[in-house]
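Since the structure comes first, as structure tokens, the remarks are kept for the end.
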Amino acid sequence: MSENISTVRDNCKKSEEYLKNNSFNIEKTEENTNVANGDIITLAIESSCDETACSIVKNGREVLSNIISTQIETHKKFGGVVPEIASRKHIENIDIVVQDALDSAGLGFKDITHIAVTYGPGLVGALLVGLSYAKALSFTLGIPLVGVNHIEGHLSANYIEHKDLKPPFITLIVSGGHTHLVEVKDYGKYEVIGKTKDDASGEAFDKVARAMKLGYPGGPIIDKMAKNGNPKAIDFPKALINDDGYDFSFSGLKSSVLNYLNSMKMKNEEINESDVCASFQDAVVDVLSHKAIKLCKDKGYNTITLSGGVAANSALRKKMKELSGRENLDLKYPSLILCTDNAAMIGCAGYYRYVGGRRDGMDLNAVPNLKIDKG
Ligand code: KG4
Ligand code: ZN
């Protein structure tokens, strides 16, 4: 068990680093100087996939602690997340992660105003661990429970990073499970304008990396390998790029990469893996950025934000900078640690839901396919 605690804590180091680098106070203070009368303190829990995370957020946008225990090492050997193992790991980790989040913030349970928790979308067994824990805390502490949509969490990461950001704006949410173009009309008011018809963009990165036996998760590995490759070496399809709508499709691109790899093998020709990564990544990035910028222009918005794990992609950031600069649009994205799954983003979204009056009961259930525009 003690070995497990040290592994969990080891995995938490990157988020501690982020807090230090961004001058958050993570030292425990005797006097609880982190909290003043009237402050709303959110304890947020995230367990929708393979990260067990807890964060303490003050007044929605100030992160007092952000603890993330990643299970990547466990799932790596299977080439992807194994749902049953993810649930069991969440159960092992959650106590430690919650306690560390309180300790890092220098707070105790008595300082918490409400609990925010991801209740969907995600893996049902994984979601249930965080949700059950959050319900138990809410019930025993006698404080409100607020359910949060994971995708809403992702887009809210930008509120933490950019204190001046206010709706309305357009956001591109790109992760392992989602690829959405959303009009953020107000806090909590969303209209999904476009989404993927099949695979999510992150899923395409993961599946291509898996086919090339590069490892898991595929996104960061392909991102790195693509730096040494030629993005124009192979002409992979950019589905729907010239379509008037805002939907995406990535499964054809994935199949096309797999076909390319197979045909090269059949011909006994050498595969330049860096070129494959760069060309595949270029196709994804081109479609994503083209549609995102087009939506901003078509709807007359001047702010565009990126969020989700794929928003960490260096080529996507570069391309979006280039295109938004050319169109005079204000582009915002979170730092890397707030792109991938974390609980600070859930705390931020949960705060706006809390001040908007949302309260959930003990009957709140996990909703694996929860939609962002449906609550
Ligand atoms: O947001 P996230 O942590 O979890 C979900 O809600 O899905 O996103 C994880 C996804 C994975 O598919 C991973 O391969 C991808 O984000 N990802 C990246 C990069 N870093 C993470 N994709 C492309 N480039 C990256 N640098
Ligand atoms: Zn996510």
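Ligands are counted one by one from 1 in listed order, and the atoms in each one are counted from 1 as well.
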Would you say the side-chain atoms of [X] pair up with the backbone N or O of [Y], donor to acceptor, closer than 3.5 Å?
X	Y	result
Lys89	Asp50	no
Thr171	Ile173	no
Ser87	Pro83	yes
His90	Cys49	yes
Ser279	Asn230	yes

Is it true that Tyr216 and Phe78 have ring centroids separated by less than 6.0 Å?
-> no
Does Tyr354 have Arg359 sitting over its ring (NZ/CZ under 6.0 Å from centre, angle to axis within 45°)?
-> yes
Between [Y] and [X], is there a salt bridge with N-O shorter than 4.0 Å?
X	Y	result
Glu203	Lys207	yes
Glu161	Lys332	no
Lys238	Asp282	yes

Pick whichever of Gly309, Gly218, Ser175 has a heavy atom sitting closest to atom 16 (O) of ligand 1.
-> Gly309
Just going by heavy-atom distances, which of Met345, His150, His154 is nearest to atom 1 (O) of ligand 1?
-> His154
Steps toward side-chain hydrogen bond (donor to acceptor under 3.5 Å, both in side chains) verdict (Gln281, Asn313) = CA-CA 9 Å; Gln281 179 175 272; Asn313 185 268; 2.9 Å; yes
Checking the N or O distance criterion of under 3.5 Å, is ligand 1 in contact with [X]?
X	result
Gly202	yes
Thr340	no
Gly176	yes

At a 4.0 Å cut-off, with the gap strictly under it, does some heavy atom of Pro220 reach an atom of ligand 1?
-> yes
Hey, is NZ on Lys227 packed in by over 12 heavy atoms from elsewhere, all under 6.0 Å?
-> yes
Hey, which atoms in ligand 1 end up nearer than 4.0 Å to a heavy atom of [X]?
X	value
Asp206	11 (C), 12 (O), 13 (C), 14 (O)
Asp223	24 (N), 25 (C), 26 (N)
Gly177	7 (O)

Is it the side chain (CB and beyond), the backbone, both or neither of Asn313 that lies under 4.0 Å from ligand 1, heavy atoms counted?
-> both
Where's the contact between Val310 and ligand 1, heavy-atom distance under 4.0 Å: side chain, backbone, both or neither?
-> both
Near the Zn ion (ligand 2), protein N/O/S count under 2.8 Å comes to 3
In this structure, atom 2 (P) of ligand 1 is nearest to the protein heavy atom Asp341 OD1, 3.4 Å
What residue and atom, counting heavy atoms only, is the protein's closest point to atom 18 (C) of ligand 1, and at what distance?
-> Gly219 CA, 3.5 Å
